[in-house]
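Proteins come first, then strands; the chains are lettered A, B, ... in the order of their sequence lines, and each starts at number 1. Below, all heavy atoms of this structure are taken into account, side chains as well, without hydrogens, waters or symmetry copies.
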Amino acid sequence: MDDVTAILDPLNDAQREAVTAPAVPMLVLAGAGSGKTRVLVHRIAWLMQVEGVTPFGIMAVTFTNKAAGEMRGRIEQLIGGPAGSMWVGTFHGLAHRLLRLHCREAGLREGFQILDAEDQHRMIKRLLRAMEMDDGRWPPRQIQWFINARKDEGLRARHVADNDDPVQRQFIRVYHAYEEACERAGVVDFAELLLRAHELLRDNESILRHYQQRFRHVLVDEFQDTNAIQYAWIRLIAGKDGCPFIVGDDDQSIYGWRGAKVENLQRFQNEHPEHRVVRLEQNYRSTGTILRAANALITHNNDRLGKNLWTDGEEGEPVTLYAAYNERDEAQYVVESLRQYLRDGGARSDIAILYRSNAQSRVFEELLMAEAIPYRVYGGLRFFERQEIKDALAYLRLMANRDDDPSFERVVNVPTRGVGQRTVEQVRAQARADGSSLWKAAGELVNSGRISARAGSALTRFIDLINRMAEDSADLDLHEQVDHVIQVSGLYEHYGKEKGEKADARLENLDELVSAAQAYEPDPLEDELPPLASFLSHAALEAGEGQSDAWEECVQLMTLHSAKGLEFPLVFLTGLEDGLFPHQRSIQDPDGIQEERRLCYVGMTRAMRHLYLSYAESRRLHGSETYGVPSRFLAEIPADCLHEVRPRVQVSRPATLTGGGLAQAPVDGITLGSRVHHAAFGEGIVLNREGDGPQARVQVNFEGVGSKWLVLAYAKLESLS
DNA sequence: AGTGAAACACTTTTT
DNA sequence: GTGTTTCACT
């Protein structure tokens, strides 16, 4: 039983309590840096080695591939062998596996493929056109969002009520059309994977019973991020007597905007009266001061499940606050400070620069570039999302399934082969008339001869190309197949002709696709599937790394959202201005503010040893100069945790520290953010200010009237606050 | 079919 | 200010 010491020794009391918990539903409230992955991993080892559960009976669910991979790795390390038949994966990945295993019962064809967000967007645009709906009045993005949000709630088009709202009615119409189009093409989008898998279990007694009996132990990571359908899914599989082991942190719920429901934590407790809660509150990451600052901030939120992080580590240095003159000054300060850290022997990869929105990365990039400090920006296009890669995949998808309309549309005329818009439109019309796929419609059109000779021969060329490639590569290995397609389709040549350095990069990517195919190993747990179809699913489900310029030691730049789950010795949390962070779009809504506050909390708790906060008094935003107020979050951090560096007085709008928080000094009574009254426009909030003296102009957002620029000398504004 | 100007919108992101 | 997308022109 010395295995057990290996499992339990590295744990603290709370962690141990969670890991060794009896067979009841468990909720582990795991604060930032409290070792939640460790608890999950050790729990699994405990189940196997002490409770005698086989890997076959365990399912562990995460949100990202990265988290899933890490978990699997650590499990295998701890138990000293492969986790084999254990189901460890993302919600989408596991739902996908379920659907592959039971595609017949799920109402899907055998080789169904997955639509990524871009494919889905294109498809909706096409549908709108076919339905003769103006995509100006019906923004495809909005409809896409609508459909996904409904699916995340578990609702199909036929379930959505229009409430006599004409707009809603149109949305539902498109949703219906979209469902049909997906059905016809044999594709499913991301949300559909979850919804379908849920329906599969819900509607198939025997399948459900099988999985309920099999997975008595379902473990879920980041439970605060689950949406309605994911919750329902877990509920179903866990069944009445399952013992779900849930790990989450309500204070780190930052995905409400995409359907995540923090309430699921509460709901879990209500629906499992016999559950037990363990709180992991000891933090192993940050200094005492950083924790004190973060704790104080998050205390301003309501309805918390309650948790207070502590550490027995050292106090550490105060959190530094820098009031920058503008965004360039902010960047300069950040770079100076990180230089100092590097001079003191710190590693570049220890450093993270965090911001609220992607656009903010630019200033930092420019400066880091100029100073020749290697950096890496997270986010952006990932490997399998690149244009040339998606083109190649579209060819492959068509070969696997001729009815794949999105892929047909994508490559009929890439590279150009004389199938113009006119011809494609004819094919679409034919498909609509026959209720068939584009591929069949194209064949039909060519045979019927109701098409010009030129267009007909161009289409025929395309049809023959696909057929020929499918035939010729049928017996090849996967990577040879991919290579063959890239060459024969003309894609390689096509992208080679692109000008600039782009061509090289694109060709390199295409080569890398071949390598990826060569390295690909099908999932042994689901594969009856031909390697090609399996590879294509993999490409959609795991879009690959962002543009990771190798593993060179780099300063890390990323949004606060993508920083979740990571930790860095040195963290810069930048752009702390009202309107930017918290973001303008969240500011009206109290729940929005709370989510922003949690985001700030997440950002602060990324820091291990050094935390720098900064804001800029003026900033170029969307092209024009704006004047920000220090983020309200700054005022919520106790003054004695903060060390304010070079507080600038007498810039455009001085900020001073008073009474434990930041307050603004008045500038002739009209301060940014204050309420004013105007004779004609009524009441509003001062958003912006330009210039000095009587000629100064202010931008005021009036209730009802909207925002106006006014010259102070003429406007006769009355300050109300 | 490919280029260029104009119009436009602009959190956060995984799968 | 920047990147994207659409439309019009060659």
message: Parallel, tilted or perpendicular: which one describes the rings of A:Tyr395 and A:Phe462, with boundaries at 30° and 60°?
response: tilted
task: For residues A:Phe581 and A:Phe633, establish whether the separation of their ring centroids is below 6.0 Å.
output: yes
message: Would you say A:Asn509 and A:Tyr495 are linked by a side-chain donor-acceptor pair, where the criterion is simply a distance under 3.5 Å?
response: no
- request: Could you check whether the rings of A:Phe384 and A:Phe535 sit parallel, tilted or perpendicular, using 30° and 60° as the cut-offs?
  value: perpendicular
Euclidean distance for C1', C:dT6 against B:dT11 (whole angstrom): 24 Å
query: Do the rings of A:Tyr211 and A:His102 sit parallel, tilted or perpendicular, given the 30° and 60° boundaries?
result: perpendicular
task: Would you kindly give the CZ-to-C1' distance between A:Arg328 and C:dG1, to the nearest whole Å?
output: 14 Å
task: Provide, to the nearest angstrom, the distance between the CG atom belonging to A:Leu621 and the C1' atom belonging to C:dT2.
output: 12 Å
- prompt: Could A:Glu179 and A:Arg156 be called an ion pair, given the rule that one side-chain N must be under 4.0 Å from one carboxylate O?
  reply: yes
message: For B:dT11, does the O4'-C1'-N9-C4 or O4'-C1'-N1-C2 angle fall within 90° of 0, making it syn, or is it anti?
response: syn
- request: For A:Ala185 and A:Asp405, work out which heavy atoms get closest and say how close.
  value: CB-N, 3.7 Å
task: Would you mind reading off the distance between A:Asn326 atom CG and C:dG1 atom C1', rounded to a whole angstrom?
output: 15 Å
message: Roughly how many Å apart are C:dT5 and B:dT12, using the P atom of each and rounding to a whole number?
response: 15 Å
- prompt: In whole Å, what separates the P atom of C:dT4 from that of B:dT13?
  reply: 16 Å
task: Fit a plane to each ring of A:Phe112 and A:His96, take the angle between them on a 0 to 90° scale, and name the class: parallel (under 30°), tilted (30 to 60°) or perpendicular (over 60°).
output: perpendicular
- request: Give one of base, sugar-phosphate or nothing for A:Asp225, where a contact means two heavy atoms less than 4.0 Å apart.
  value: nothing
- prompt: Can you give one letter per nucleotide of nucleotides 3-10 of chain C, 5' to 3': B if a protein heavy atom sits under 4.0 Å from the base, S if only from the sugar-phosphate, - if neither?
  reply: ---S----
query: What string of B, S and - do you get for nucleotides 7-15 of chain B 5' to 3' if you count protein non-hydrogen atoms under 4.0 Å?
result: ---BBBBBB
field: Separation of A:Phe190 CZ from A:Leu115 CG (nearest 0.5 Å)
entry: 8.5 Å
- prompt: Should B:dT11 form a Watson-Crick or G-U wobble pair with both distances under 3.5 Å, which nucleotide is its partner?
  reply: none
